[in-house]
Amino acid sequence: MSKVASLEDRFVGCLLGLAVGDALGAFFEGQSTDYMTRHYRSAADLINNPPPGELWYTDDTQMAIGVARTLSVCGAIEEKYLCRQFASNYDPNRGYGGGARAVIEAMRHGHDHKYLAADYFPGGSFGNGAAMRVAPVGLLFRDDHDGVWEQARLSALPTHVHPLGIEGAQIVALAVAMASSVDQLDRGVFFENLASRCASLEYSGPLGRARRLEHVRDLGLFGNGIEATASAVTAIAAFGLTPDSYEETIGNAILLGGDTDTIAAMAGAISGAYLGVRAIPSHLLGKLEDRHQGRTYIEQLAKNLYEKYVQTAE
Ligand SMILES: [Mg+2]
């Protein structure tokens, strides 16, 4: 399927793939793996029988919108602009974690958010809050892996200064960059490129194991938690297991339970970047909220980012 997706379709697929994964996953956030497997026989069962009503995205998509807007306006991460985006988009009902909430509320009131980002957790947060929003960086810098790595770091810093929080964002961004660049995924090359960039064994080790992952029953070994080390590789591994199916990728991620919205958001962004927007089931896309900064807005934002990429590349 990836062979027919245009690059613009991949940009749109990435951002809408992120939003749909986030919004479908949000229904199940915090459920146990046991609960999920008792209620759904398979990823297909979950995808074909989504909860009734609209799909509402959470903080993951809201912050990714801030990153995408910053890139489409500035052409790179400008920290002050990014922080203003986070602050002005902020809706406390979107499921922000306590640390992010404190940092963004400080931004909104003009207080020193950097002090909070470093001290809310000792040494800074190593949660997955930077990884969940980073996908647009992978799209815009897809031809420049050094640029992906550095821009992902800059996009993390307003809230995540711990090296593991930053590196989680870097590997997700690089996964998006590579997924958006190839017509036929070579799993060996994909995982080797990711693992070889990592400074931390916490990532390079699991990425090496993810390369050899063969059975969905082993996906849970990579974790389903809110720490970047317990979720970023999980999302990448879910994509690597079923690269030709968006629904299998996010369905398997959600069936793990735990931090379902974020793991499915990251996995959905990578899968959408590879397969393009037509890989996202239309019944799910049709359920995605479409009022303020909803489906139509996100699609347009992806197209703006694509135009920015084309300008940058020329
Ligand atoms: Mg969330």
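Remember, it's 1-based here, ligands and their atoms both numbered in the order they're listed.
Protein N/O/S atoms closer than 2.8 Å to the Mg ion (ligand 1): T58 OG1, D59 OD1, D60 OD1, D261 OD2.
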Would you sort out whether F28 and Y40 count as a ring pair (Phe, Tyr, Trp, His ring centres under 6.0 Å), showing the intermediate values?
CA-CA 12 Å; F28 306 102; Y40 295 99; 5.7 Å; yes
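Between E150 and R153, at least one side-chain nitrogen of the basic residue sits less than 4.0 Å from a carboxylate oxygen of the acidic one, meeting the salt-bridge criterion. A salt bridge links R10 to D183: at least one charged side-chain nitrogen sits closer than 4.0 Å to a carboxylate oxygen. A salt bridge does not link K303 to E307: none of the charged side-chain nitrogens sits closer than 4.0 Å to a carboxylate oxygen.
Atom CG of N48 sits about 5.5 Å away from atom NE2 of H283, to the nearest 0.5 Å.
Under 3.5 Å, the side chains of S231 and N128 contain a donor-acceptor pair of N or O atoms.
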